[in-house]
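Note that these values count all heavy atoms, side chains included, but never hydrogens, waters or copies made by symmetry. Sequence positions, counted from 1, serve as the residue numbers for this chain.
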Amino acid sequence: MTDSRAHSGARAALDWLASVAPDPDACRWEWERNPHGVALLPAGKRWDVLILPGELGYPTLEVLNRLVDRPGPVLADFGDARLGFFVPPGTVARWIGTGVRGAGSGTWIVVPYPGRTGGGVRWLVQPDGSGTLTDPPLLELAMHEAVAGIAGSAGGVSGGASGGDEGGRGRAVRAVRGSRSRRAPES
């Protein structure tokens with residue numbers, strides 16, 4: 001990628017993220033001048049964030065990377081204790097799952113400047129500025145696949161999500177191969 005395309009991609013990501021701030025210009029100023037390179041942004045406008053424990057989040061991201069060309073943005077804290085997957089707004093209100101936290105309408109998250117690390121958080125998958133988000137059913141499938149892999153490697157389950165053979169798992173993966181991450185709704 002050329003430097004100008006990388007710069008325009010970072011600028012598009014910056015603009016997309018800042019667009020949810022009460023004052024986008026103040027948000028950009030904060031990112032530029034804050035020594036930690038972070039800003040607080042409200043969730044629930046263009047995206048929600050599902051927060052998984054790191055021991056589940058990293059395997060889930062590996063599965064997502066096999067299923068789609070590019071998942072939506074993903075944040076990690078520096079302790080690798082948690083990963084935050086950007087999903088369509090409203091997802092948190094409908095999500096049911098043990099051990100999964102959510103940031104939706106009425107909550108704020110710490111977001112690093114695109115392309116930088118700082119303030120205890122970093123991008124594992126940076127936003128591209130297009131509004132691409134991770135599809136919740138695809139994220140759920142990836143979580144199931146990740147749990148099956150974790151259980152299988154611990155000796156608890158053999159053969160993946162199907163509980164005995166590769167066929168069920170293969171069918172599940174093939175069923176979502178054509179899925180794409182969703183774009184955030186326009187405000």
Side-chain angles (χ1 to χ4, degrees), residues 1-54 56-92 100-136 138-139 142 179-187:
M1 181 182 296
T2 66
D3 286 342
S4 64
R5 282 181 55 204
H7 179 70
S8 67
R11 173 55 64 189
L14 179 72
D15 291 344
W16 180 73
L17 288 166
S19 71
V20 301
D23 183 345
D25 291 331
C27 177
R28 287 184 194 91
W29 186 91
E30 181 72 16
W31 263 323
E32 292 293 334
R33 286 155 188 86
N34 180 315
H36 299 292
V38 298
L40 277 174
L41 294 177
K45 292 185 176 190
R46 289 191 184 259
W47 34 260
D48 284 357
V49 181
L50 289 175
I51 304 163
L52 280 59
L56 174 59
Y58 280 100
T60 297
L61 181 57
E62 288 178 20
V63 172
L64 278 174
N65 282 326
R66 289 194 311 262
L67 298 176
V68 295
D69 294 332
R70 185 180 194 289
V74 180
L75 287 173
D77 65 11
F78 277 116
D80 289 332
R82 291 174 295 281
L83 270 67
F85 292 81
F86 281 52
V87 293
T91 300
V92 166
V100 177
R101 295 171 45 202
S105 183
T107 60
W108 296 70
I109 63 166
V110 174
V111 179
Y113 188 97
R116 297 184 193 161
T117 58
V121 293
R122 61 192 161 91
W123 291 108
L124 295 178
V125 178
Q126 291 189 60
D128 61 7
S130 72
T132 298
L133 300 168
T134 298
D135 179 55
L138 186 61
L139 178 60
S179 296
R180 295 286 178 225
S181 297
R182 295 185 182 176
R183 293 191 185 260
E186 297 298 320
S187 325

Does Val87 reach the side chain of Leu50, with side-chain heavy atoms less than 4.5 Å apart? yes
Considering all heavy atoms, the nearest Gly84-Val49 contact: CA-CG1, 3.6 Å
Answer yes or no: does atom CZ of Arg28 have more than 12 heavy-atom neighbours from other residues, nucleotides or ligands under 6.0 Å? yes
Could you state the interatomic distance from CG (Leu139) to CZ (Phe85), rounded to the nearest 0.5 Å? 6.0 Å
Working to the nearest 0.5 angstrom, can you tell me the gap between Gln126 CD and Leu17 CG? 9.5 Å
Under a 3.5 Å threshold, yes or no: a donor from one side chain and an acceptor from the other, between Arg46 and Ser19? yes
Non-hydrogen side-chain atoms of Val125 and Leu61 separated by less than 4.5 Å: yes
Side-chain (Asp48) to main-chain (Val92) donor-acceptor, under 3.5 angstrom: yes
Closest heavy-atom pair and its distance - Pro71, Asn65: CD-OD1, 3.4 Å
Step through the shown structure and confirm whether more than 12 heavy atoms of other residues, nucleotides or ligands are within 6.0 Å of CH2 on Trp29. no
Closest non-hydrogen atom pair between Thr134 and Pro88, with its separation: O-CD, 3.3 Å
If you round to the nearest 0.5 Å, how far is CH2 of Trp31 from NE2 of His36? 16.0 Å
Below 6.0 angstrom between ring centroids: does that apply to Trp123 and Phe86? yes
First locate atom CG of Leu41, then atom CD1 of Ile109, and finally report the distance between them rounded to the nearest 0.5 Å. 6.5 Å
Does Gly54 offer a backbone N or O that forms a donor-acceptor pair with the side chain of Asp80 under 3.5 Å? no
Please give me the minimum heavy-atom distance between Ala103 and Ala43, naming the atom from each residue. O-CB, 3.4 Å
Between Ala21 and Cys27, what is the shortest heavy-atom contact and its length? CB-CB, 3.7 Å
Please give me the minimum heavy-atom distance between Ala76 and Tyr58, naming the atom from each residue. CB-OH, 3.8 Å
Kindly compute the distance separating CG (Leu83) from CG (Asp77), expressed to the nearest 0.5 Å. 8.0 Å
Interatomic distance, CG@Leu14 vs OH@Tyr113, rounded to 0.5 Å, equals 5.0 Å
